[in-house]
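Below is one structure, written out as structure tokens, with a few remarks after it.
Counting from 1, the numbers follow the sequence of the chain as shown. Note that this is a predicted model, so its numbers are computed, not measured.
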Amino acid sequence: MRETAELERLRRMYGTLRGVNLAILRAESVEQLLEEVCRVAVERGGLKFAWAGRVAGRTLKPVCSYGSPPSPGRRPPAGMPAALSAVRSGRVVLGEPGERRGEIRCAAVPVELEGRVAAALTLCSSEPRTLEEFRDLLEQLRRDLSLGLEHLQLHSELRSGRERFRKFSAALLELSRMDFTTLEEVLRRTARLAAESLGVDRVSIWLLEREGAELVCRYAHSRTPGRGIEGKVLRLAEFPAFFSALEESRIVAVGDASSDRRTQWLGEVAPGRGSAVMCVPLRRQGRLAGMMCHEHGSPREWTLEEQEFATSVADLVSLAFEHSERRRMMKKAGELALFPAKNPNPVFKVTREGEIVYHNPAVLNYISTPGEVEQLLPENFAELVRRACETGRSIRTEHRFGDSYLHYTIHPVSADAAHIYGKEITEVKRAEEKLRRYARELERSQRALLNILEDEQEAARKLEEAYRELKTLDQLKSDIIANVSHELRTPMTIAKGFAELALEEEDEEERRREIQRVIRALENQNAIIGNLITVAEASRERLKLQVSPFRVEELISAVVRKKEEELQARELSLEVKVEDCVLEGDFKRLMHALLNILDNAIKFNRPGGKVGIEVRRSGSRVLITVTDTGIGIARDVMPKIFDPLYQADASARRKYGGTGMGLAVARIVVEAHGGEIYASSSPGEGSRFTVLLPLRRGAEDEEGAGG
């Protein structure tokens, strides 16, 4: 019986160790490893509860658990004193303070990483002495888990190294495929790729100037905008140690720039930046030509991989500089080759001021005396030369000299001189003249036929346009009739429904509210009819105003009262700011116009949105602004919103109702009062309608006297 118990204990021990080793091989993170170990310890070790925690400063933070805790809901979990003791001592701890030797129910196993305790595993048993019997198992478990953490760390470092290698390789491949035609583009892309690949705050490119006495920053790519250092200068006399390090070393990499005398310059050109810096020399033909500087805002260690990547990028930049210099020399050599002395066509060298300093012998084939040289060139050749030198672009022109025609190309070779290359085109010009004569005869013979064809085509085009216009007008008429009919029937339907409810309602108060709804529906219908009448009167020039003085505050109050219930129903907040003053006009028509504008702000707003009305004086006029936070107006629709009967969606199945008269009536009424109305909007951000009306003459004096 005793042997059977011993065998069972050994089976549990080795089963637990085997499960832990499998967990170590499969785990992708420390948390996953600890969670799997807790499960194995409970299921295969015959324990009741297991939990694990990671060391955070002087405390132990639980990260996972498995099994049934001895005291559910207990905080901290069971065995915390033993776990803290194991963390501090670095040894397996059996039992908690207060447990008797023969009744051990708890044990803690420290887990080490790089010589320090990084985590702890706590095991709880429901039977006394179970954990003491597993002492050897716990020691082996401590060693296996420590090896497991080291394995995970090495695996993580390997993955990070692979990712860095992939990133560096991709960046170098992209740089190697760059076109070196434009040096500025090469520098820009190189600095950006280096900053992104190394994860640094800024990469700058410096060139050695003044015979090696200064380093000047020519380009910088910064991940933080507004901190450019282009044009900054480092002088050899001020920082000799840094210049010597660049001359002697292949790279200067410092984890903390403030602690190294070679990198003290960083605080001079970029105060408050650069806790870490890596500078790679740029060399041209084996000599120092500048540097690429990589800065990071916090201390860091530059790995060998990062240094090798930065060196490779610097080599590409050096190659770009050499390629640019080679192209410049080749261009200069090509310019010299463009001026052959034995060219059979006339060739001149002319200064920016128009002075001919040289011409080839072919010029003498066209003139009889040296004084005729300038006559061989166009009259405005001096102006053309000046323009070519200023723009750096070649200019082509033609000139007739006697019976000869010459084509000239003015090619700038510097800011102060140009070459003029001539080519005789007399035969070409004569052939062109013959072709023009033949073309004129052919044109005359074809003109009659073309006129007939054009007349027929024009007639067909006009007929097609008239057909399209009629079709469009017919569709528009149908849409307008349908929309207006619908809008006129809707208030009547609402009024009828509420009237029927009022007749059946016994409660006097509720009957009164139903009748008020009937009145409001009829008022809406009356407003629609009023809009139609106003547009009709304006089209026949019969619009009449009942002019009288009134205060703007009264007008705004009347408008707000009309729309107060509708604002509440749509859950819209209203903000009103009024600088009171006196207007002279038709109170009812102006109120009608403002109601139409406010109706748009409510109808096209979102539930819970905002509507604003602001009135302020501006000189001799009053400015009334209505704003909303609604859907806004599309840019292509804005020019048409004040047209009568216009709707962005005129179909009968449109989302928003209306006859398309509201804003048209508002404009008619405002302009009839000598005012202006205009709108601005951004789709999705709301709209703003502004009305400008003239103040009543003498209103300012009256208000001053009244105060």
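Distance check: Lys610 NZ to Asp628 CG gives 12.5 Å after rounding to the nearest 0.5 Å. Glu214 CD to Leu207 CG: the interatomic distance, rounded to the nearest 0.5 Å, is 12.0 Å. Here the CD1 atom belonging to Ile633 is positioned 7.5 Å from the CG atom belonging to Asn600, to the nearest 0.5 angstrom. Rounded to the nearest 0.5 angstrom, Glu248 CD and Leu288 CG are separated by 11.5 Å. Note that the SG atom of Cys217 and the NZ atom of Lys232 stand 9.5 Å from one another [nearest 0.5 Å]. Remark: Glu355 CD to Glu374 CD distance equals 9.5 Å, nearest 0.5 Å.
Looking at Trp206 and Cys279, their side chains never come closer than 4.5 Å, going by heavy atoms from C-beta outward. Residues Val428 and Tyr405 have side chains not in contact (no heavy-atom distance under 4.5 Å, counting atoms from C-beta outward). Side-chain atoms of Val216 and Val233, non-hydrogen and from C-beta on, do get closer than 4.5 Å to each other. Side chains of Ser687 and Phe604 form no contact here, defined as non-hydrogen atoms less than 4.5 Å apart. Proximity of Phe348 to Leu376: side-chain heavy atoms (C-beta onward) are separated by under 4.5 Å at one or more points. Taking 4.5 Å as the limit, every side-chain heavy atom of Ile420 sits out of range of all side-chain heavy atoms of His359. A 4.5 Å side-chain heavy-atom check between Thr397 and Phe381 finds every atom pair outside the cut-off. Trp302 is not listed as a side-chain neighbour of Ile251, based on a closest heavy-atom distance of 4.5 Å or more.
Between the His399 side chain and the Glu379 main chain, no donor and acceptor come within less than 3.5 Å of each other. Looking only at distances, no side-chain donor or acceptor of Thr351 sits under 3.5 Å from a matching main-chain atom of Ala417. When atom types are taken as modelled, the side chain of His296 and the backbone of Ala276 share no donor-acceptor pair closer than 3.5 angstrom. Using modelled atom types, no side-chain atom of Glu238 and backbone atom of Arg235 make a donor-acceptor pair closer than 3.5 Å.
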Test side chain to side chain contact (heavy atoms under 4.5 Å, CB included) applied to Val200 and Arg300, step by step: CA-CA 10 Å; Val200 297; Arg300 64 181 284 180; 3.7 Å; yes

Step-by-step side chain to side chain contact (heavy atoms under 4.5 Å, CB included) determination, Leu384 to Tyr408: CA-CA 11 Å; Leu384 296 176; Tyr408 287 108; over 6 Å; no

Evaluation steps, side chain to side chain contact (heavy atoms under 4.5 Å, CB included), between Phe239 and Leu215: CA-CA 11 Å; Phe239 307 103; Leu215 275 170; over 6 Å; no

Derivation of the side chain to side chain donor-acceptor pair (under 3.5 Å) call for Ser222 and Asp201: CA-CA 6 Å; Ser222 178; Asp201 292 334; over 6 Å; no

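Between Phe642 and Leu663, the shortest heavy-atom contact is CD2-O, 3.5 Å. In terms of heavy atoms, Thr690 sits closest to Arg688 at OG1-CG, 4.0 Å. When all heavy atoms of Ala194 and Val313 are compared, the closest pair comes out as CB-CG1, 4.5 Å. The nearest pair of heavy atoms linking Pro412 to Gly392 is CG-C, 3.7 Å. A pairwise comparison of heavy atoms in Gly609 and Thr629 identifies CA-OG1, 3.5 Å as the closest pair. Of all non-hydrogen atoms in Ser681 and Gly632, the two that sit nearest each other are OG-CA, 3.3 Å.
Screening residues 392-421 for salt bridge (charged side-chain N to carboxylate O under 4.0 Å, His left out), with sequence neighbours left out, gives Glu398-Lys429.
Contacts of Arg606 classified as salt bridge (charged side-chain N to carboxylate O under 4.0 Å, His left out), with partners at least two apart in sequence or in another chain: none. Every salt bridge (charged side-chain N to carboxylate O under 4.0 Å, His left out) that Arg218 has, sequence neighbours left out, goes to Glu209. Applying the salt bridge (charged side-chain N to carboxylate O under 4.0 Å, His left out) criterion to Glu427, with sequence neighbours excluded, gives Arg430. Residues satisfying the salt bridge (charged side-chain N to carboxylate O under 4.0 Å, His left out) test with Arg352, not counting sequence neighbours, are Glu390.
When the shell of 6.0 Å around CD of Glu301 is examined, it contains 12 or fewer heavy atoms from other residues, nucleotides or ligands. At most 12 heavy atoms of other shown residues, nucleotides or ligands fall within 6.0 angstrom of atom CZ in Arg287.
Using the six-membered ring where Trp is involved, Tyr421 and His411 have ring planes that are tilted, between 30° and 60° apart.
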Hey, can you pull the donor-acceptor pairs under 3.5 Å for the side chains in residues 672-679, sequence neighbours left out?
from	atom 1	to	atom 2	distance (Å)
His673	ND1	Val669	O	2.9
His673	NE2	Asp586	N	2.9
Glu676	OE2	Arg621	NH1	3.4

